[in-house]
Amino acid sequence: QVQLVESGGGLVQAGGSLRLSCAASGRTLSSYAMGWFRQAPGKEREFVAVISWSGGTTYNRDSVKGRFTISRDNAKNTVYLQMNSLKPEDTAVYYCAASLDFVGSSSQRYNYWGQGTQVTVSS
């Protein structure tokens with residue numbers, strides 16, 4: 001069992017930056033691929049970024065490429081999402097998730113989820 005806790009969300013003006021963290025407990029994160037997803041009000045949850053077990057492979061959704069960077073520190077059992085040049089359309093609750101056997105964008109393939117952290121970008 002893995003428990004995931006996100007932090008780092010908040011209110012920021014357009015063009016600003018935030019760094020989200022996802023801390024794990026219960027088991028070491030090095031066995032899991034880690035993803036970030038987001039859900040805006042009235043919309044379905046969508047994939048944002050994923051990083052493989054070793055950190056050697058990452059994928060981002062097109063709309064955040066060049067702005068968001070996913071990284072991990074397995075020694076600290078933590079995954080990060082650095083978000084730069086934020087836009088109002090990035091406003092959402094951001095979730096981290098862990099997958100034992102999948103590195104990709106399908107939320108159904110993730111085994112554990114955090115409770116989410118709110119990111120609000122004002123124009």
Side-chain angles (χ1 to χ4, degrees):
Q1 192 77 7
V2 176
Q3 292 79 43
L4 303 173
V5 178
E6 303 94 337
S7 62
L11 173 63
V12 64
Q13 289 188 333
S17 298
L18 286 172
R19 188 176 81 154
L20 305 184
S21 298
C22 173
S25 61
R27 299 184 72 173
T28 177
L29 270 187
S30 61
S31 301
Y32 297 85
M34 297 298 298
W36 283 97
F37 293 78
R38 66 187 181 186
Q39 187 167 19
K43 296 186 177 182
E44 293 187 353
R45 188 173 298 185
E46 64 181 19
F47 166 78
V48 176
V50 62
I51 187 166
S52 62
W53 303 268
S54 66
T57 300
T58 62
Y59 299 111
N60 290 359
R61 69 180 296 108
D62 287 345
S63 62
V64 306
K65 285 181 180 178
R67 301 190 297 124
F68 291 12
T69 302
I70 188 171
S71 62
R72 66 191 299 159
D73 186 337
N74 287 339
K76 294 183 178 180
N77 240 21
T78 303
V79 177
Y80 306 97
L81 185 68
Q82 177 67 45
M83 305 186 295
N84 299 328
S85 302
L86 282 160
K87 304 176 180 180
E89 51 263 43
D90 295 319
T91 295
V93 177
Y94 283 71
Y95 300 89
C96 69
S99 175
L100 268 174
D101 59 359
F102 179 69
V103 182
S105 61
S106 174
S107 62
Q108 295 178 345
R109 298 290 301 274
Y110 286 79
N111 307 101
Y112 303 103
W113 292 83
Q115 293 300 306
T117 185
Q118 176 70 47
V119 171
T120 303
V121 185
S122 63
S123 57

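All heavy atoms count here, side chains included; hydrogens, waters and symmetry mates do not. Since the model is a prediction, treat every value here as computed from it, not as a measurement.
In Gln115, the CD atom is not crowded: 12 or fewer heavy atoms of neighbouring residues, nucleotides or ligands sit closer than 6.0 Å.
The minimum heavy-atom distance between Ser71 and Ile51, with the atom names listed, is CA-CD1, 3.7 Å. Across all non-hydrogen atoms, the minimal contact from Ala92 to Ala40 is CB-N, 3.8 Å. Minimum heavy-atom separation, Ala33 to Tyr110: O-CE2, 4.4 Å.
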For Arg19 and Leu81, what are the C-alpha separation, side-chain angles and deciding distance, and is it a side-chain contact (heavy atoms from CB on, under 4.5 Å)?
CA-CA 6 Å; Arg19 188 176 81 154; Leu81 185 68; over 6 Å; no
As a quick check of understanding, evaluate side-chain contact (heavy atoms from CB on, under 4.5 Å) for Leu4 and Met34, giving each step before the final call.
CA-CA 11 Å; Leu4 303 173; Met34 297 298 298; 4.1 Å; yes
Take Val119 and Leu18, measure what side-chain contact (heavy atoms from CB on, under 4.5 Å) needs, and give me the verdict at the end.
CA-CA 9 Å; Val119 171; Leu18 286 172; 3.9 Å; yes
I'd like to know whether Gln1 forms a side-chain contact (heavy atoms from CB on, under 4.5 Å) with Asn111, so could you lay out the CA-CA distance, the side-chain angles of the two residues, the decisive distance to 0.1 Å, and finally the verdict.
CA-CA 9 Å; Gln1 192 77 7; Asn111 307 101; over 6 Å; no
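Contact check for Arg109 versus Asp101: side-chain heavy atoms found under the 4.5 Å cut-off.
Side-chain N or O atoms of Gln82 include none that pairs as donor or acceptor with a backbone N or O of Phe68 at under 3.5 Å. A donor-acceptor pair under 3.5 Å links the side-chain atoms of Asn77 to the main chain of Leu29, judged by distance alone. Judged purely by atom type and a 3.5 angstrom limit, Thr117 has no side-chain atom pairing as donor or acceptor with the backbone of Ser7. For Arg27 (side chain) and Gln3 (main-chain N/O), no donor-acceptor pair under 3.5 Å exists by modelled atom type. With hydrogens and angles disregarded, no donor-acceptor distance shorter than 3.5 Å links the side chain of Thr58 to the backbone of Val50. Side-chain atoms of Thr91 never come within 3.5 Å of backbone atoms of Thr120 as a donor-acceptor pair (strictly under, hydrogens ignored). Without hydrogens or angle criteria, Trp53 side chain to Ser31 main chain gives a donor-acceptor distance under 3.5 Å.
Between Tyr112 and Tyr32, the ring planes are perpendicular. Angles over 60° get that label, and only those under 30° would be called parallel.
Taking CZ of Arg67 as the reference point, atom OG of Ser85 lies at 7.0 Å (rounded to 0.5 Å). Here the straight-line distance linking atom CD of Gln108 with atom OG of Ser99 works out to 12.0 Å at 0.5 Å rounding. Between the OG atom of Ser105 and the CG atom of Asn60 there is a distance of 11.5 Å, given to the nearest 0.5 Å. Between atom CH2 of residue Trp36 and atom CD of residue Glu46 there is a gap of 14.5 Å, rounded to the nearest 0.5 Å. The distance from the OG1 atom of Thr69 to the CG atom of Asn84 is 6.5 Å, given to the nearest 0.5 Å. Interatomic distance, Ile70 CD1 to Met83 CE, rounded to the nearest 0.5 Å: 12.0 Å.
Of the N and O atoms on the side chains of Asp73 and Thr78, not one donor lies less than 3.5 Å from an acceptor on the other residue.
Under a cutoff of 6.0 Å and an axis angle of 45°, Arg45 and Tyr95 form a cation-pi pair. Under the 6.0 Å distance and 45° angle rule, Arg38 does not count as a cation-pi partner of Tyr94.
Between Trp113 and Phe37, the gap from one ring centroid to the other is short of 6.0 Å.
At a threshold of 4.0 Å, the pair Asp90-Lys87 does not count as salt-bridged, since none of the basic side-chain nitrogens sits closer than that to a carboxylate oxygen.
Among residue pairs with one or both ends in residues 14-118, those qualifying as disulfide (SG to SG under 2.5 Å) are Cys22-Cys96; sequence neighbours excluded.
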